[in-house]
**Student:** 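Could you have a look at this structure, given as structure tokens, before my questions?
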Amino acid sequence: MADAPIGIFDSGVGGLTVARAITDQLPRESLLYIGDTAHSPYGPKPIADVRRYALEVLDTLVDQGVKMLVIACNTASAAMLRDARERYDVPVVEVIGPAVRTAMSTTRNGRIGVIGTAGTIGSGAYQDMLGVNERLTVLTAACPSFVGFVEAGVTDSPELLAAAEEYLAPLRHAGVDTLVLGCTHYPFLKGAISYVMGPEVSLVSSDTETANDVYRQLVSRDLLAGPDAAPSHVYEATGDSADEFLRLAHRLMGREVSAVRLVQTGAIDIPGHAR
Ligand code: DGL
């Protein structure tokens, strides 16, 4: 089991930021990544639909024998975190908890901002987790156009900076000292976000924090790949064409992803949760 791959999933290419952070910390681990390109983007979709799509993909990863599931998508994490922990025997790591913990230990003035897709912000998942500490003030903003900018390879245009100013100005004026980038795509926009928020605001992104969580869980459960393991990185996409995934992956990550194969996710039965 320890030499089995870590299963990573996102609606599309954004979760590659998490995959890269995991590889940086755990280069001997094999990865099996699925981008649910048949249903992306998740951000604007009803949360019940996102939950179903996400469980279908996680089932597909488990059927391929992964030793751990990483929900490398904020919108999916917000939609179905508890379901996933009940449904699978393998450990499940998601992106919201790690970012929340880091934000809590980073803030000095107790004012934390969170940005994400409409689905993530609308779900209240970040607000609920941060809200357990009554001394914190949490301000949120959905930034629906950010994903499109990243996927178009635009990280510095006047239009992007204008959108960032519009979304982020209320958080800046409210005096947040820590901003959670609650979407897999936003690490690519750190320059623009930091420019608008100012250098004194700490940016917390879920990719490195989630990789830390994966590391902790593998060590504590004795699931680290053995010293002779030959790591393989396999990338799969749902839908009809792998080309779009490959094109975006190259644009965002360089040549790290060399091939993508298509995979079908099946219809699932959700009501009782456990499989
Ligand atoms: N991966 C999604 C997230 O982190 C962003 C892209 C999408 O909307 O599907 O929320």
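Whatever order the structure lists them in is the order used to number ligands and atoms, beginning at 1. The first residue in the sequence is number 1, and the count goes up from there.
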**Student:** Which ligand 1 atoms are under 4.0 Å away from a heavy-atom of Y42?
**Tutor:**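 Per the distance check, 7 (C), 8 (O), 9 (O).
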**Student:** Tell me which one of D10, I121, V95 gets a heavy atom nearest to atom 1 (N) of ligand 1.
**Tutor:**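 Going through D10, I121, V95 one by one, D10 has the nearest heavy atom to atom 1 (N) of ligand 1.
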**Student:** Should the ring pair F245 and Y235 be called parallel, tilted or perpendicular, given that the plane angle runs from 0 to 90° and is split at 30 and 60?
**Tutor:**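 Rings of F245 and Y235: tilted, 30 to 60°.
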**Student:** Is it the side chain, the backbone, both or neither of T184 that has a heavy atom closer than 4.0 Å to ligand 1?
**Tutor:**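 Both of them.
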**Student:** Quick one: look up the protein heavy atom nearest atom 2 (C) of ligand 1 and list residue, atom name and how far away it is.
**Tutor:**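 Sorting protein heavy atoms by distance from atom 2 (C) of ligand 1 puts C73 SG, 3.5 Å first.
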**Student:** So, are K67 and E29 salt-bridged, with charged N and O less than 4.0 Å apart?
**Tutor:**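 The answer is yes: the pair qualifies as a salt bridge.
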**Student:** For S11, state whether at least one heavy atom is located under 4.0 Å from any atom of ligand 1.
**Tutor:**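 Heavy atoms of S11 do come under 4.0 Å of ligand 1.
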**Student:** If I apply the N/O under 3.5 Å rule, does T75 come out as touching ligand 1?
**Tutor:**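 Such a contact does occur with ligand 1.
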**Student:** Would you say T102 and N212 make side-chain contact, with heavy atoms under 4.5 Å?
**Tutor:**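 The answer is no, as the side chains (C-beta and beyond) never meet within the 4.5 Å cut-off.
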**Student:** Considering only heavy atoms, does N74 approach ligand 1 within less than 4.0 Å through its side chain, its backbone, both, or neither?
**Tutor:**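 Contact part for N74 vs ligand 1: both backbone and side chain.
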**Student:** Give, for atom CD1 of I34 and atom CZ of R261, the distance between the pair rounded to the nearest 0.5 Å.
**Tutor:**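 I34 atom CD1 to R261 atom CZ measures 9.0 Å (nearest 0.5 Å).
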**Student:** Measure up the Y167 and F146 rings against each other and bin them: parallel (under 30°), tilted (30 to 60°), perpendicular (over 60°).
**Tutor:**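 Y167 and F146: perpendicular rings.
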**Student:** What atoms of ligand 1 come within less than 4.0 Å of a heavy atom belonging to P41?
**Tutor:**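 Close to P41: 7 (C), 8 (O), 9 (O).
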**Student:** If we only count N/O pairs under 3.5 Å, is G43 in contact with ligand 1?
**Tutor:**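 Yes, there is a polar N/O contact under 3.5 Å.
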**Student:** For C183 and ligand 1, answer yes if some heavy atom of the residue is under 4.0 Å from a ligand atom, otherwise no.
**Tutor:**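 So C183 counts as touching ligand 1.
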**Student:** Y88 and D59: side-chain donor and acceptor closer than 3.5 Å?
**Tutor:**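 Short answer, yes.
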**Student:** Would you indicate whether the side-chain heavy atoms of L58 and M80 approach each other to under 4.5 Å?
**Tutor:**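 M80 vs L58: side chains touch.
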